[in-house]
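Remember, it's a predicted structure, so these values are computed and weren't measured experimentally.
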Amino acid sequence: MRYDLVIFDNDGVLVDSEPISNRLLAAYLTELGHPTSYEDSIRDYMGSAMHRIHDLVLERTGKRLPDDFDDVFHARVFAAFQRELKPVAGAADVLEKLTVDGTPHCVASSGSHERIRVGHRTTGLDRWFDEERIFSSQDVGRGKPAPDLFLHAADRMGVAPERCVVVEDSPLGVRAAVAAGMDVYGFTAMTPAANLADATQLFSRMEELADMLT
């Protein structure tokens, strides 16, 4: 099946940001009195919008995170991005192939617009994504696992959901894509395949994805 639109998650799929972000998130939550390991952060928060972090901490502890939590966290993340962030191996090749083939593509990420753009500029992936092809959980009322973000991206790109495929690396993202009525290819580089079992297909290297999309 040749899809009319490829929707990419961003963190962990296009930019190799998950190790950086989750290391810093675990450290910051621990610093605030909510002991969190790197593994805890990956399990509980990978692929989620910021509001989910606030909601889970409040649910588990009865305490709210500071009002400036998001700003402080993002400042730390962006500083680390400048030092460490790289594109996911093979992502640029996939984007170039889609461009040459004329296959429309976009990004739909739980991250903020600023986070997406900082990551793309730092890694050089911004050449493949203009403003009209970047969608964030900030654009919709509910983030993943709700289908809203993917449905919003498809609508703005003018493509029916059943003609879209989503590329995701988190269980929350896979659930969102399935709920949106879209095929979803699960990237298992960081996530155990069993956690992405609801995906249409699984792959572990970007070289495989290029073949799956043609």
Side-chain angles (χ1 to χ4, degrees), residues 6-26 28-29 36-57 59-60 65 69-70 73-74 77 80-81 85 87-88 91 105-120 123 125 134-154 164-180 182-204 206 209:
V6 181
I7 303 176
F8 289 95
D9 175 45
N10 190 54
D11 294 294
V13 170
L14 295 177
V15 296
D16 195 17
S17 53
E18 294 291 8
I20 300 170
S21 298
N22 284 282
R23 183 186 77 231
L24 293 174
L25 178 58
Y28 190 25
L29 288 173
T36 305
S37 69
Y38 173 78
E39 292 75 18
D40 293 337
S41 184
I42 291 286
R43 182 193 66 227
D44 294 340
Y45 304 120
M46 182 171 159
S48 66
M50 290 299 293
H51 68 77
R52 177 178 168 84
I53 301 172
H54 289 263
D55 292 346
L56 280 181
V57 170
E59 176 185 320
R60 291 171 174 176
L65 292 171
F69 178 86
D70 292 12
F73 175 62
H74 283 132
V77 168
F81 278 4
L85 189 64
V88 168
H105 56 277
C106 66
V107 168
S109 171
S110 293
S112 66
H113 277 282
E114 183 182 14
R115 178 183 173 122
I116 299 167
R117 290 180 175 87
V118 167
H120 285 187
T123 58
L125 297 183
I134 297 177
F135 305 100
S136 161
S137 61
Q138 291 178 311
D139 303 330
V140 295
R142 300 180 299 167
K144 304 168 189 177
D148 304 34
L149 177 56
F150 291 140
L151 292 173
H152 171 69
C164 299
V165 62
V166 175
V167 184
E168 264 287 355
D169 70 331
S170 76
L172 292 176
V174 168
R175 286 168 55 193
V178 171
M182 301 175 180
D183 282 357
V184 53
Y185 292 166
F187 185 34
T188 62
M190 274 194 64
T191 308
N195 294 356
L196 304 179
D198 291 335
T200 310
Q201 294 188 57
L202 299 175
F203 68 102
S204 60
M206 280 293 161
L209 179 64

Closest approach of P145 to R175 (non-hydrogen atoms, all atoms of both residues):
CG-NH2, 3.6 Å

Between H152 and D148, is there a donor-acceptor pair closer than 3.5 Å when you use the side chain of the first and the backbone of the second?
no

Please find the pair of heavy atoms, one from G12 and one from S17, that lie closest to each other, and give the distance.
N-OG, 3.9 Å

Closest non-hydrogen atom pair, G173 against K144
CA-CD, 3.9 Å

What's the separation between atom NE2 in H51 and atom CG in D70, rounded to the nearest 0.5 Å?
11.0 Å

Do the non-hydrogen side-chain atoms of L25 and T36 ever get within less than 4.5 Å of each other?
no

Is the F187 ring parallel, tilted or perpendicular to the F203 ring (thresholds 30°, 60°)?
parallel

What distance do D44 atom CG and R60 atom CZ have between them, rounded to the nearest 0.5 Å?
4.0 Å

Side chains of D169 and T191: donor-acceptor distance under 3.5 Å anywhere?
no

Supply the atom-to-atom distance R43 CZ to E39 CD, rounded to the nearest 0.5 angstrom.
9.5 Å

Criterion side chain to side chain contact (heavy atoms under 4.5 Å, CB included) on V13 and M206, from CA distance to verdict:
CA-CA 9 Å; V13 170; M206 280 293 161; 4.1 Å; yes

Does some side-chain heavy atom of V118 sit less than 4.5 Å from a side-chain heavy atom of H74?
no

Can you tell me how far the CD atom of Q138 sits from the CE atom of M50, to the nearest 0.5 Å?
10.5 Å

What is the ring orientation for Y28 with F73, classed by angle as parallel under 30°, tilted 30 to 60°, or perpendicular over 60°?
parallel

Donor + acceptor pair across side chains of S110, R52 (<3.5 Å):
no

Roughly how far, to the nearest 0.5 Å, is CG of L85 from OG of S21?
8.0 Å

Worked check of side chain to side chain contact (heavy atoms under 4.5 Å, CB included) between N10 and R115:
CA-CA 10 Å; N10 190 54; R115 178 183 173 122; 5.7 Å; no

Main chain of G111, side chain of S136: is a donor-acceptor contact present, judged purely on distance under 3.5 Å?
yes

Apply the test side chain to side chain contact (heavy atoms under 4.5 Å, CB included) to residues I53 and F69: give CA-CA distance (whole Å), side-chain angles for both, the deciding distance (0.1 Å), then the verdict.
CA-CA 10 Å; I53 301 172; F69 178 86; 4.2 Å; yes

L29 versus L65: any side-chain heavy-atom pair under 4.5 Å?
yes

Can you check whether Y45 reaches L56 side chain to side chain, under 4.5 Å on heavy atoms?
yes

Is a donor on one side and an acceptor on the other found under 3.5 Å between the side chain of T200 and the backbone of V184?
yes

Does some side-chain heavy atom of Q201 sit less than 4.5 Å from a side-chain heavy atom of D183?
no

Just so I know, are the side chains of V6 and V165 near enough to count as touching, which here means a heavy-atom distance under 4.5 Å?
yes

Is the shortest side-chain heavy-atom distance between L196 and P171 below 4.5 Å?
yes

Let me see the working for M46 and D11 under side chain to side chain contact (heavy atoms under 4.5 Å, CB included), right down to the final yes or no.
CA-CA 9 Å; M46 182 171 159; D11 294 294; over 6 Å; no

Which heavy atom of S137 sits nearest to which heavy atom of G143, and what is that distance?
CB-CA, 4.4 Å

How long is the straight-line distance from CD1 of I42 back to CG of N22, given to the nearest 0.5 Å?
3.5 Å

Between S109 and L149, what is the shortest heavy-atom contact and its length?
O-CD2, 3.4 Å

Looking at every non-hydrogen atom in both residues, tell me the closest pair between V15 and G119 and how far apart they are.
CG1-O, 3.9 Å

